[in-house]
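Both counts, for ligands and for their atoms, begin at 1 and track the order of listing. Computation of the quantities below employed the complete heavy-atom set of this structure, encompassing side-chain atoms and omitting hydrogens, waters and symmetry-equivalent molecules. Residues: numbered from 1 along the sequence shown.
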Amino acid sequence: MEPVRLNKYLSQQGIASRREADRLIQGGLVKVNGKTIQEMGVKIDPEKDKVEVDHFQMKSKKNYVTIALNKPKGYVCSMKKTKLDPNIVTDLVDLPERIYPVGRLDKETTGLLLLTNDGTLVNQIIHPSSESEKEYEVTFNTPIPMGAIKKLESGVKLNGEKTLPTRVKKTGPAKIRIILKEGKNRQVRRICQKVGFPVKSLKRIRIKSLKLGSLKQGEWRQLSEEEIGELKG
Ligand code: URA
């Protein structure tokens, strides 16, 4: 963001006219990053610098929030309720910031969903070029043979287009873990159906380095700076 003169910034924030802002500054009432600024003409970066007037911090820095939610069944990743889908994922999160789901999980899918107001994070995760790994736990109604697993691993044709190869681990007779690097609509359900094994239940357990861990369905937690850094990396 462009640096802006401190008096202009204060007037843009509705604190004072520019002339009054100059008086506040000269009077020693304005601090930038904890240091009192009394000289005129100092520029600040509204995104990075912390400005306080008479001890009240201004809302200069955008408050980025990113949370991990364990999405329960029956909730949709939409910002708008409809008659058909009155349960939306943001209803589960009580925060003052307006946050949005990063990508989608189907209504019937459970597990790890990120919600954020940080646009750069969204791009890093859902842009196809990011090839972010997403891992799912899939259960079937009947045992799945190795032949079907091999087909899933080598990629499956959907609407004439082959999906990328996947990594699959068999974790039970009717249970697998599958890692995708792309996010076509209802991809796991469609590729499993295509190889003859409709999905009984689907849960996302990881996005890049972030694991669902011990969050229970409907629970959420705020991510640490470190976790967000890893997701952006
Ligand atoms: N693949 C699906 O089929 N559904 C999801 O919710 C996510 C991936």
Give a yes or no answer on whether the side chain of K71 reaches the backbone of D106 with a donor-acceptor pair at less than 3.5 Å.
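Here the side-chain-to-backbone pair exists.
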Under 3.5 Å, is there a donor-acceptor pair between the side chain of Q187 and the main chain of K184?
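Yes, because the side chain of Q187 sits within donor-acceptor range (under 3.5 Å) of the backbone of K184.
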Once rounded to the nearest 0.5 Å, what's the spacing between atom [atom1] of [X] and atom [atom2] of [Y]?
X    : Y    : atom1 : atom2 : value
L180 : Y136 : CG    : OH    : 6.0 Å
T109 : K73  : OG1   : NZ    : 9.0 Å
W220 : N70  : CH2   : CG    : 14.0 Å
K208 : E131 : NZ    : CD    : 11.0 Å

Heteroatom proximity flag, R189 to ligand 1, N/O under 3.5 Å
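For ligand 1, there is an N or O atom that lies under 3.5 Å from one belonging to R189.
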Flag V188 as yes when one of its N or O atoms lies below 3.5 Å from any N or O atom of ligand 1, and as no otherwise.
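In this structure, V188 places an N or O atom under 3.5 Å from an N or O of ligand 1.
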Those atoms of ligand 1 less than 4.0 Å from some heavy atom in [X]:
X    : result
T109 : 4 (N), 5 (C), 6 (O)
R186 : 1 (N), 2 (C), 3 (O)
D106 : 2 (C), 3 (O), 4 (N), 5 (C), 6 (O)
Y136 : 7 (C), 8 (C)

For ligand 1, note which part of Q187 has a heavy atom under 4.0 Å away: side chain, backbone, both or neither.
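The answer is the backbone of Q187.
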Side chain, backbone, both or neither: L202 near ligand 1, heavy atoms under 4.0 Å
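For L202, the contact with ligand 1 is made by the side chain alone.
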